[in-house]
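Worksheet: the structure to be examined is printed underneath.
Keep in mind that the numbers below use all heavy atoms, side chains included, and drop hydrogens, waters and symmetry copies. Quantities reported herein were computed from a predicted structural model and do not represent experimental measurements.
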Amino acid sequence: MELEDESQLAAVLAHEIVHAAARHSAAQMTRGTLLSIGAAAVGVAGSNYGLGEMGSQVAQMGAAAWMAKYGRSAELESDAYGMEYMARAGYDPSGAVKLQETFVKLSEGRQQDFLSGLFASHPPSQERVDANRIKAATLPKGVINRELYQRKIAQIKRDQPAYKAQEAAMKALSADNPKTALSELDKAIAIQPDDGYFWELRGHAWAMQKNMSNAEQAFTTAIRKNPDYFSHHLSRGLLRFEEGKKTSARSDLEKSYQLLPTPYAGYYLGEIALENGDQKNAINYFQSAAQGGGEMAKKAQARLAVLELATAPHKYIISQLSLTDDGYLRVTVKNNSPVTVTNVKLQVTEMVNAFIAGGSSTMNGPRQLSPGQQVSMKTRIGPFADGNDATRYRIQVSSVEVDE
């Protein structure tokens, strides 16, 4: 909206390509920006689906909350190489000069939230304007495409009031005011009915009012408008899951997961797989969800731990042997899982040599271990006059019960 021609847009794209190529925290920026935009769309569902943490992000829609902050040298490097890229692509490098001049001017007011965030991560300066002007003088001239660019963004300009209404709707949803949100979204849809995101937000507003039929209809419309956006499928999938429509929920969640494997889609697909007796896929989905951040990742970690504690408790419940002062074996057990376990059983094995096990016996461990708790117990094995004798013994947690 703030750019004048295609060469300025090319300058923006070239600049960001250099950030990525030079690894200026590009991976963090890309993951964070993509997930924050989608997460905020889901977040407006609020407590209806247990999305409290994501719901709090709605008030921070600006991508700047996730973007890496680039230093002076990274910005100058991206400007310089970016101008070479755009010149090679046939664009006039003067577009980069005009772009920075525009940003310097806009940064003086900083009235728009997104631009404020943009400038926080990509600080404009007269130094960059001057450096770009010097660099542009060394590069060949190219196309500017002002008229074409203005024709292409004409619809965006006409739609601008719709996106202002969308911002107001999101603020209303974050304030738990779905009626106002619906009113604002009516304005947005009247201007641009083909934006699927407006319809998704309507679905969340209806869900907040417990009108699940209207909510599902709105999510379905969002999918029809933009079938390749993960959040529309995720929103309808979560709604259907809460309604007990697990088969159709799985279809929606699988589509969302295919488009972008978020912790939310992974967690609920894991729950559905578990209900269907498919423990292998449930573990895979929970493992995927556990790699993310936030409350949903923690829930996935807990679910995963419960499943794996049944078959491989030693993966989470760590045990080791040492000697007491009077020469007996001491067992130390620590719970590295996110859940409380009870009735810990330990298998103690005496080794004939490093490779051959002799006799084994089972002993009772701690009656209860909370997450992170460590307990030491003295055994009756010993006493050993020579500490090397104790090295013949191995210990491993053989079973636990999970306090769900």
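- In this structure, the side chains of Phe384 and Leu329 come closer than 4.5 Å at one or more pairs of heavy atoms.
- Looking at heavy atoms from C-beta onward, Arg224 lies out of side-chain contact with His232 at the 4.5 angstrom threshold.
- Considering every non-hydrogen atom in both Gln166 and Leu201, the closest pair reads CG-CD1, 3.8 Å.
- Nearest heavy-atom pair, Ala289 versus Pro263, reported as atom, atom and distance to 0.1 Å: CB-O, 3.4 Å.
- The CG atom of Leu106 sits 12.0 Å away from atom CD of Glu101, with the distance rounded to the nearest 0.5 Å.
- Checking Arg158, Arg151, Lys157 one by one against Gln155, the side chain to side chain donor-acceptor pair (under 3.5 Å) holds for a single residue, Arg158.
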Inset, instruction - Kindly indicate, with the supporting measurements, whether the criterion side-chain contact (heavy atoms from CB on, under 4.5 Å) is fulfilled by Glu127 and Leu76. - result: CA-CA 9 Å; Glu127 178 189 20; Leu76 291 173; 3.9 Å; yes
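- Between Arg133 and Asp130 a salt bridge is recorded (basic side-chain N to carboxylate O distance below 4.0 Å).
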Inset, instruction - Using the salt bridge (Lys or Arg N to Asp or Glu O under 4.0 Å) rule, take Glu184 and Lys171 through it: C-alpha gap first, then chi angles, then the decisive distance, then the call. - result: CA-CA 10 Å; Glu184 293 294 338; Lys171 288 180 180 178; over 6 Å; no
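- Between the side chain of Ser251 and the backbone N or O of Thr247 there is no donor-acceptor pair closer than 3.5 Å.
- Lys298 places a side-chain heavy atom less than 4.5 Å from the side chain of Glu295.
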Legend entry - Evaluation steps, side-chain contact (heavy atoms from CB on, under 4.5 Å), between Val129 and Gln126: CA-CA 5 Å; Val129 174; Gln126 187 60 42; 3.6 Å; yes
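- Under the 3.5 Å distance criterion, the side-chain polar atoms of Gln8 are left unmatched by any main-chain donor or acceptor of Leu99.
- Separation of atoms NZ (Lys246) and CG (Leu253) is listed at 10.5 Å; rounding is to 0.5 Å.
- Distance alone, capped at 3.5 Å, places no donor-acceptor pair between the Asn276 side chain and the Asp278 backbone.
- At a threshold of 4.5 Å between non-hydrogen side-chain atoms, the residues Leu173 and Met208 count as touching.
- The existence of a salt bridge linking Glu275 and Arg250 is excluded, since no basic side-chain nitrogen approaches an acidic carboxylate oxygen closer than 4.0 Å.
- In this structure a side-chain-to-backbone donor-acceptor pair under 3.5 Å is missing from Arg330 to Gly327.
- Using cut-offs of 30° and 60° on the angle between ring planes, the pair Phe198 and Tyr163 is tilted.
- In this structure, His15 has its ring center no closer than 6.0 Å to that of Tyr85.
- No donor-acceptor pair under 3.5 Å is formed between the side chain of Gln396 and the backbone N or O of Ser319.
- Using a cutoff of 4.0 Å between basic side-chain nitrogens and carboxylate oxygens, Asp79 and Lys135 are not scored as salt-bridged.
- Note: Phe286 and Tyr267 meet the aromatic proximity criterion, with ring centroids under 6.0 Å apart.
- At least one donor-acceptor pair closer than 3.5 Å links the side chain of Asn335 to the backbone N or O of Ser370.
- For the pair Glu75 and Arg128, the salt-bridge criterion is met [side-chain N within less than 4.0 Å of a carboxylate O].
- Across every non-hydrogen atom of Thr220 and Arg236, the tightest pair is OG1-NH1, 3.0 Å.
- Side-chain N or O atoms of Ser256 include one that pairs as donor or acceptor with a backbone N or O of Phe230 at under 3.5 Å.
- For the pair Ile381/Glu350, no side-chain contact is recorded, criterion being any heavy-atom separation below 4.5 Å from C-beta on.
- For Glu147, the CD atom is loosely surrounded, since the number of other residues' heavy atoms within 6.0 Å does not exceed 12.
- Residue Lys378 places its NZ atom among more than 12 non-hydrogen atoms of other residues, nucleotides or ligands, all under 6.0 Å distant.
- Expressed to the nearest 0.5 Å, how far CG of Asn211 lies from CG of Leu182 amounts to 9.5 Å.
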Inset, instruction - Apply side-chain contact (heavy atoms from CB on, under 4.5 Å) to the pair Glu167 and Met170, showing each step before the final yes or no. - result: CA-CA 5 Å; Glu167 291 178 10; Met170 295 188 70; 5.9 Å; no
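- Contact record, Ala290 with Gln301: O-NE2, 3.2 Å, taken as the closest heavy-atom pair.
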Inset, instruction - Evaluate the side-chain contact (heavy atoms from CB on, under 4.5 Å) criterion for residues Tyr91 and Asp5: first the C-alpha distance (whole Å), next the side-chain angles of each, then the deciding distance (0.1 Å), finally the verdict. - result: CA-CA 11 Å; Tyr91 291 100; Asp5 56 54; over 6 Å; no
Inset, instruction - Begin from the C-alpha positions of Asp159 and Gln192 and carry the test side-chain hydrogen bond (donor to acceptor under 3.5 Å, both in side chains) through to its verdict. - result: CA-CA 6 Å; Asp159 291 344; Gln192 179 49 275; 2.9 Å; yes
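- Closest approach of Val348 and Met363 over heavy atoms only: CG2-SD, 3.7 Å.
- Going from atom CD of Gln347 over to atom OG of Ser399 covers 10.0 Å, rounded to the nearest 0.5 Å.
- Rounding to the nearest 0.5 Å places CG of Asn336 at 5.0 Å from CD1 of Ile318.
- Panel note: side chain Trp199, backbone Asp194; no donor-acceptor pair is recorded below 3.5 Å.
- Within the 4.5 Å cutoff, the side chain of Glu216 has heavy atoms near those of the Lys245 side chain.
- Under a cut-off of 6.0 angstrom, the local environment of OH in Tyr81 is sparse, with at most 12 non-hydrogen atoms contributed by other residues, nucleotides or ligands.
- Ion pairing between a basic and an acidic side chain is recognised when a charged N comes within 4.0 Å of a carboxylate O; Glu271 and Arg303 show such pairing.
- Between Ile317 and Val397, the shortest heavy-atom distance links the atoms O-CG2, 3.4 Å.
- His233 places no side-chain N or O within donor-acceptor distance of the main-chain N or O of Asp228, the cut-off being under 3.5 Å.
- More than 12 heavy-atom neighbours from other residues, nucleotides or ligands sit within 6.0 angstrom of CD on Glu77.
- Residues Tyr229 and Glu200 have side chains in contact (heavy-atom distance under 4.5 Å, counting atoms from C-beta outward).
- Ring geometry for Phe241 versus Tyr268: interplanar angle over 60°, hence perpendicular rather than tilted (30 to 60°).
- In this structure, the side chains of Val331 and Leu321 come closer than 4.5 Å at one or more pairs of heavy atoms.
- Put simply, NZ on Lys98 and CD on Gln100 are 14.0 Å apart, with the number rounded to the nearest 0.5 Å.
- Remark: side-chain polar atoms of Asn145 are not paired, donor with acceptor, to backbone N or O of Leu148 under 3.5 angstrom.
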